[in-house]
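Structure first, then comments.
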There are 2 protein chains.
Amino acid sequence: MRPDADGNDGSQRAIRDAIRDAIVDRRLMPGTKLTETDVGALFHVSRTLVRGALQALAHEGLVTVERNRGAFVANPSPGEARQIFATRRIIEPGILAEAARHITPAHIRQLRERLLDEGRLMNERGQSARRAEIKASGDFHLHIAAMTGNAVMQRFMDELIARSSLVIALYGQSTVSSCGHTEHMNIVDAIEAGQIDRASRLMVHHIHHIEADLDLRARRTHELRDALLP
Amino acid sequence: MRPDADGNDGSQRAIRDAIRDAIVDRRLMPGTKLTETDVGALFHVSRTLVRGALQALAHEGLVTVERNRGAFVANPSPGEARQIFATRRIIEPGILAEAARHITPAHIRQLRERLLDEGRLMNERGQSARRAEIKASGDFHLHIAAMTGNAVMQRFMDELIARSSLVIALYGQSTVSSCGHTEHMNIVDAIEAGQIDRASRLMVHHIHHIEADLDLRARRTHELRDALLP
DNA sequence: AAATGCCAGATCGTATACAATCGGACGGCA
DNA sequence: TGCCGTCCGATTGTATACGATCTGGCATTT
């Protein structure tokens with residue numbers, strides 16, 4: 001089911017995924033220049049493949065490309081961040097309802113296992129634990145999307161979650177809100193109880209809470225260029 | 001080579017847009033091979049730019065790329081078509097609600113003007129009129145999405161509408177349903193009356209009707225390759 | 001000293017070159 | 001005749017070459 005319909009073989013795909021992971025994991029800071037030659041040297045490939053990967057990432061919104069200047073790790077503005085979460089609030093309740101129609105007890109079990117891992121991560125401290133926590137939190141939403149069996153939707157969600165992770169890493173307060181985990185649990189409970197409406201409402205609130213835990217007022221840019229130019 | 005009078009990075013974008021329009025307008029039949037050299041010759045550019053454009057279109061789902069075989073105009077399966085419309089049914093009611101919060105009388109007037117054009121096209125016969133009608137119908141949905149002021153959402157809708165147009169061109173019956181136009185009018189009426197819930201319901205039904213007017217049972221492929229391989 | 005003009009290095013945009021792969025045609029063989 | 005293996009042209013995948021453009025520093029001017 002995954003013979004790469006994109007047609008891109010390992011090389012370009014591998015580069016794209018590696019950079020994406022690095023961005024989402026925040027090992028690459030927003031605004032970082034992604035020089036084609038340098039990236040190519042790291043992966044032992046030519047600029048051609050790197051360019052392809054960067055263009056794909058630009059399409060996903062994780063990288064911005066400026067003509068004759070190059071590619072940079074995306075530095076989403078607060079406005080962009082709000083749009084991302086607004087989009088999620090529109091889409092995800094619908095996804096939940098659709099997923100509920102296809103759900104099996106096995107799926108529920110899978111979700112609960114995820115939640116256990118999530119809970120474990122929550123109790124750890126440190127950078128890497130926090131990163132893992134952000135990732136796990138996103139995976140929860142992706143797993144629900146996967147249950148719809150709708151590949152189109154799933155691709156949209158992939159993009160939204162990746163960009164959300166970037167935004168959270170950027171604007172998240174150091175005091176991580178621990179309510180996300182319990183909210184996930186509540187959502188699964190509601191799904192299992194067949195209370196889809198309630199689950200959808202919980203999901204909307206949950207996304208609201210994620211956004212509310214960010215500090216979107218102060219723009220954390222020291223790059224005047226993209227602070228002044230739109 | 002030529003400093004493209006467009007001013008911006010016109011070359012690759014121009015090629016991509018030209019091919020996209022051709023696909024959505026159905027001047028390029030699904031399954032048509034898009035040989036890099038040939039396309040490049042048409043636009044007087046090298047394969048490099050063509051490849052970029054084709055990869056971008058592949059990302060949008062309008063083109064499929066098979067490794068070592070090349071790019072083809074997408075030939076969406078009935079299953080894919082259903083996923084596209086299912087996604088629209090999930091997203092568009094939410095878009096409608098969001099758009100309603102930003103709407104002004106000027107917007108309503110714009111929508112009504114669109115509808116007049118649509119009505120005019122409906123009364124004409126012939127291939128090109130039908131194509132224009134499909135396009136106008138999609139534009140209606142895109143305009144509503146634009147009113148949300150949410151660029152993320154808008155990009156998703158761009159993709160969904162483009163793919164929908166392709167699907168309609170592929171699987172649409174020759175007897176075009178004329179109810180789409182009146183449904184659009186009813187939706188605008190509901191929005192103007194402030195009955196957002198009703199408008200959303202109408203929108204869902206409308207999308208259902210569009211899908212119901214397709215013949216998604218018989219796969220119209222004579223390409224055994226992609227009929228047999230998943 | 002501040003501002004301006006100019007040059008050089010770095011980096012990108014595009015074209016082209018070369019290698020890898022595929023698909024069809026041709027011819028041998030049962 | 002029909003089938004199968006082999007070869008060749010066509011097309012793609014990747015790398016490299018070369019001109020265009022930007023950036024930053026240095027020298028010159030006021």
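Computed over heavy atoms, backbone and side chain alike; hydrogens, waters and symmetry mates excluded. Residue numbers start from 1 in every chain, and the chains themselves are labelled A, B, ... in the order their sequence lines are given, proteins ahead of strands. Everything numeric in this text was worked out from a predicted model, so none of it was measured.
Atom pair R13(A):CZ and dT14(D):P shows a separation of 14 Å (rounding to whole Å applied). Look at CG on N68(B): it is 20 Å from P on dG9(D), rounded to the nearest Å. Here the P atom of nucleotide dG13(C) and the CD1 atom of I15(B) are 15 Å apart, to the nearest Å. If you take CZ of R67(B) and P of dT21(C), they are 8 Å apart, rounded to a whole angstrom. The distance between atom CZ of R47(A) and atom P of dT16(D), rounded to the nearest whole Å, is 12 Å. dT14(C) atom C1' lies 17 Å from atom CZ of F43(B), rounded to whole Å. Taking atom CG of residue D38(A) and atom C1' of nucleotide dG9(C), one finds them 14 Å apart after rounding to whole Å. The CD atom of E66(B) sits 15 Å away from the C1' atom of dG13(D) (whole-angstrom rounding).
Counting non-hydrogen atoms under 4.0 angstrom, T48(B) reaches a base of the nucleic acid.
Residue R69(A) places at least one side-chain N or O under 4.0 Å from the OP1 or OP2 atom of dT23(D). OP1 or OP2 of dT12(D) sits under 4.0 Å from a side-chain N or O of K33(B).
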Legend entry - Residues L166(A), L62(A); criterion side chain to side chain contact (heavy atoms under 4.5 Å, CB included); working and verdict: CA-CA 8 Å; L166(A) 178 57; L62(A) 293 181; 4.2 Å; yes

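Checked against dA15(C), dG13(C), dG13(D), the side chain of E36(B) finds its nearest nucleotide in dG13(D). Taking only side-chain atoms of R51(B), from C-beta outward, the nucleotide of dT14(D), dT16(C), dA17(D) with the closest atom is dT14(D). In the set dG13(C), dT11(C), dA15(D), the nucleotide with an atom closest to the side chain of T35(A) is dT11(C).
Checked for salt-bridge contact, E66(B) and K33(B) miss the test: no charged N lies under 4.0 Å from a carboxylate O.
Positionally, the nearest nucleotide of DNA chain D for G70(B) lies more toward the 5' end than for the other of H44(A) and G70(B).
Q83(B) has its side chain out of reach of R163(B): every pair of non-hydrogen atoms, C-beta onward, lies at least 4.5 Å apart.
Aromatic ring orientation, H59(B) versus H59(A): tilted (interplanar angle from 30° to 60°).
If you check the side chains of H184(B) and E118(B), you find a donor sitting under 3.5 Å from an acceptor.
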